Amino acid sequence: MTAVLADIEEAMKDVVDPELGINVVDLGLVYGIHVDEDNVATLDMTLTSAACPLTDVIEDQTRQALCSGPGGGLVSDIRINWVWLPPWGPDKISDEGRDQLRALGFNV
């Protein structure tokens, strides 16, 4: 049985951008999710900056969030497709993400 996309998106809220301390879903960094017949999730993701050195950290957190836990996790494996178009911008941040950034002192 393949994982439900809403469950994957919810689990991705456990993946936190190490620089901002806000999850990647509320930051608008997850552009798309696809699960194939082998229950492997491919995530189209971007970063706040193409120069971000933290792709490994985010990939590790994503693997932890989606591939582990009771019953072995939501999916059997993950692939992250890093995309740069459309470029990320503050307009992609959810209302909840904006609230969290404001709480940290950012003006968004």
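Keep in mind that this is a model prediction, so the values were computed, not measured.
- A chain of hydrophobic side-chain contacts below 4.5 Å, direct or via other Ile, Leu, Val, Met, Phe, Trp or Tyr residues, connects L20 to L29.
- A continuous path of hydrophobic side-chain contacts links Y31 to I78 [ILVMFWY only; heavy atoms under 4.5 Å].
- Going from atom CG of L74 over to atom CG of N39 covers 8.5 Å, rounded to the nearest 0.5 Å.
- Distance check: S94 OG to N23 CG gives 7.0 Å after rounding to the nearest 0.5 Å.
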All N/O donor-acceptor pairs, side-chain side in residues 79-93, below 3.5 Å, sequence neighbours left out:
from: N81; atom 1: ND2; to: D44; atom 2: OD1; distance (Å): 2.8
from: W82; atom 1: NE1; to: E59; atom 2: OE2; distance (Å): 3.0
from: W88; atom 1: NE1; to: L27; atom 2: O; distance (Å): 2.7

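- Of the possible polar contacts, one joining the D36 side chain to the V40 backbone as a donor-acceptor pair under 3.5 Å is found.
- Not a single donor-acceptor pair under 3.5 Å links the side chain of T62 to the backbone N or O of M12.
- Using a distance-only test at 3.5 Å, with no hydrogens or angles considered, no donor-acceptor pair links the side chain of S68 to the main chain of G73.
- Taken from CG in D60 to CZ in R63, the straight-line distance is 7.5 Å, to the nearest 0.5 Å.
- The heavy-atom pair separating V25 from V30 by the smallest distance is CG2-CG2, 4.3 Å.
- Here the straight-line distance linking atom CG of L43 with atom CD1 of I58 works out to 11.5 Å at 0.5 Å rounding.
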N/O donor to acceptor pairs below 3.5 angstrom from side-chain atoms of residues 99-108, sequence neighbours left out:
from: D99; atom 1: OD1; to: R102; atom 2: NH1; distance (Å): 3.1
from: Q100; atom 1: NE2; to: D26; atom 2: OD2; distance (Å): 3.2
from: Q100; atom 1: NE2; to: E96; atom 2: O; distance (Å): 3.4
from: R102; atom 1: NE; to: V108; atom 2: O; distance (Å): 3.1
from: R102; atom 1: NH2; to: V108; atom 2: O; distance (Å): 3.0

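- Closest approach of G97 to I22, counting heavy atoms only: CA-CG2, 4.3 Å.
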